[in-house]
Amino acid sequence: MFQHISDVLSDDFIGKEVALRGWIYRKRRMGKIIFVVLRDSSDIIQCVIEKRKIGNEKFKEVDKIGVESSLELKGVVRKEERAPTGYEVDVNDVNIVGPSYLFPITKDKSDDFLLDNRHLWLRSREMNAILKIRHTVFGAIHEFFRENGYYEVQGPIFVTGAVEGGSTLFEVPYFGKKAYLSQSAQFYLETFIFSLEKVYTIAPSFRAEKSRTRRHLTEYWHAEGEVAWYHNEDMMRDEEELIIHIVQKVLEERERELKFLNRNLEILKNLEKPFIRMKYQELIEFAQNNGIDIEYGDDLGADEETAIMEKFDKPVFVTHYPIEIKPFYHRPDPDNPNTVLCHDLLAPEGYGEIIGGGERIYKLEVLLKRMEEEGLNPEDYYWYVDLRKYGSIPHAGFGLGVDRLVWWLAGLSHIKYAIPYPRTIRRTKP
RNA sequence: GCCGCCGUAGCUUAGUAGGCUGGAGCGGCCGGCUGUUAACCGGCAGGUCGCAGGUUCGAAUCCUGCCGGCGGCGCCA
């Protein structure tokens, strides 16, 4: 039986023979001895292959093959301070499963080259760590929703209308007609709540925005929730708990990976609710008092958002935006109809917006009026309007940019490092 | 869409006030080494200088256009 490397990196295995399989991570020959650093999904371990032990022929074969060749080997574990992970295997037998010559990724590599070779770069320890963190994040999201009474649902990806007013949709040919790729499941989630009350989905969203920033992808993973009877504050409370649950889970399961990525864990470890809540108005004043050039009615630009969020070490909910700068479906605040009952959640350390959400308009007349003001044709949204005709209820929802969350949690410099196959304005391969 | 930058060997790059044969490291190939840490030592091979046109006695270097890419803004999760 083969074992994983992480399992045998332990004093319990000293002096015992183990069987390992994996890929050559590094290889160095010193005359009649070859050091192979073997890699599998779990970790790396240095293996020593001596000519006198495995014979001339085998030795020559191993000498010939390159980095990323796949191997099966048997050997005895020994504690060895000189080895990269503290233990070493004295190899008794080795079998080359699939040789690799001229692996394209070597010592010097540019960002662009690694993106072109992402299919191979996934094997790197960096990507291995990021992928494991992603795995934990996605799992934690499902866990949270399911433990809190949400049903998982699936909306369509081919759609005919926009959710976000200003956003650009990807148009695709559809049997002689036009369809678009979904940019949010929100409107569909709103239909599900009349059956299931609390629903969520994790799905890709597509935005044809020609954004060239460290926080934008054209295809990204969107975790969205929608809840019947919830008001803005109820929604924020769940989101707060969701984020804390994810952070806890990542700290529990992925501390090693975060450390490997040189993530400073203090902010994550100290994270607790409640998050900071600020009305848009207060945020503008706060920004102005901190020397940021912004006026009431301006949308928060990336510079402002970054400058503001560098001053906080926990996430901030920004609520009550002016009605003009938010999409039509947000419910106006009854106490101040010039603002809407919405919220954005900004991640600290300069990372910025990771969640957008709010309470939806549930009265038919209000919705029709808002659509008219925005120049939208209710017929295009007939099914969305219908929800306000047949037993409408207050409800709220939100969308979490999962890749953005991973980007922040892992402390990455660009969102393209947070997703295995980033799709940006200029990249659709590999 | 706007602003800025880049394109030289498989990879990372030096070289651009125009001038001899475009240098190097890594990787590769050949050889050496029993404690290496993306080892080291000796040797060899490897270049349409993104593409097209122009200026010039002469262009990797200057000009024009195109192609590809990077960073940021706007927009958003």
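Numbers restart at 1 for each chain; the letters A, B, ... are given by sequence-line order, proteins then strands. Keep in mind that what you see is a predicted model, and the values were worked out from it rather than measured.
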> Could a donor-acceptor pair under 3.5 angstrom be found where the side chain of A:E88 meets the base of B:rG35?
Replying inline: yes

> Which dot-bracket string fits RNA chain B when only Watson-Crick or G-U wobble pairs with both atom distances under 3.5 Å count, crossing pairs get [ ], and | stands for a partner on a different strand?
Replying inline: (((((((..((((.....[...)))).(((((.......))))).....(((((..]....))))))))))))....

At a cut-off of 3.5 Å, list every protein nitrogen or oxygen paired with a nitrogen or oxygen from nucleotides 1-4 of chain B, distance to 0.1 Å.
residue : atom : partner : partner atom : Å
B:rG1   : OP1  : A:K210  : NZ           : 2.8
B:rG1   : O6   : A:K210  : O            : 2.9

>> Is there a side-chain contact between A:F138 and A:R134 in this structure, where contact means two heavy atoms from C-beta onward sitting under 4.5 Å apart?
In response: yes

>> Quick check on contacts: within residues 342-358 of chain A, what sits under 4.0 Å from RNA chain B by heavy-atom distance?
In response: A:E353, A:I354, A:I355, A:G356

> Checking all strands, does A:P104 fall into the base, sugar-phosphate, or nothing category for heavy-atom contacts under 4.0 angstrom?
Replying inline: nothing

>> My understanding is that only residues two or more places apart in sequence, or in another chain, count here; which of them pass ring pair (Phe, Tyr, Trp, His ring centres under 6.0 Å) with A:Y230?
In response: none

>> Under 4.0 Å, heavy atom to any atom of RNA chain B: which of residues 32-45 of chain A qualify?
In response: A:K32, A:I33, A:F35

> With a non-hydrogen cut-off below 4.0 angstrom, is A:S110 in contact with a base, only sugar-phosphate, or nothing?
Replying inline: sugar-phosphate

> Got a sec, which pairs hit salt bridge (Lys or Arg N to Asp or Glu O under 4.0 Å) with one end in residues 34-47 of chain A, sequence neighbours left out?
Replying inline: A:R39-A:E68, A:D43-A:R125, A:D43-A:R256

> Is a salt bridge present between A:K58 and A:E61, judged by a nitrogen-to-oxygen distance below 4.0 Å?
Replying inline: no

> Looking across every strand, which nucleic acid part, if any, lies under 4.0 Å from A:H216 by heavy atom: base, sugar-phosphate, or nothing?
Replying inline: base

>> Checking A:K53 now: which residues fulfil salt bridge (Lys or Arg N to Asp or Glu O under 4.0 Å) with it, not counting sequence neighbours?
In response: none

>> Restricting to ring pair (Phe, Tyr, Trp, His ring centres under 6.0 Å), what partner residues turn up for A:H222, sequence neighbours left out?
In response: A:Y220

>> Going by side-chain contact (heavy atoms from CB on, under 4.5 Å), name the residues that satisfy it together with A:E197, two or more places apart in sequence or in a different chain.
In response: A:A228, A:W229

> Touch check for A:R52, heavy atoms < 4.0 angstrom, all strands: base, sugar-phosphate only, or nothing?
Replying inline: base

> Shortest non-hydrogen contact from A:Q186 to A:S184?
Replying inline: N-OG, 3.0 Å

> Under the side chain to side chain donor-acceptor pair (under 3.5 Å) test, which residues partner A:Y417, sequence neighbours left out?
Replying inline: A:D111

> Which residue pairs pass the ring pair (Phe, Tyr, Trp, His ring centres under 6.0 Å) test with at least one member in residues 285-315 of chain A, sequence neighbours excluded?
Replying inline: A:Y280-A:Y296, A:F286-A:F312

Give each protein N/O atom lying under 3.5 Å from an N/O atom of nucleotides 24-31 of chain B, with the pair distance.
residue : atom : partner : partner atom : Å
B:rG25  : N2   : A:D108  : OD2          : 3.2

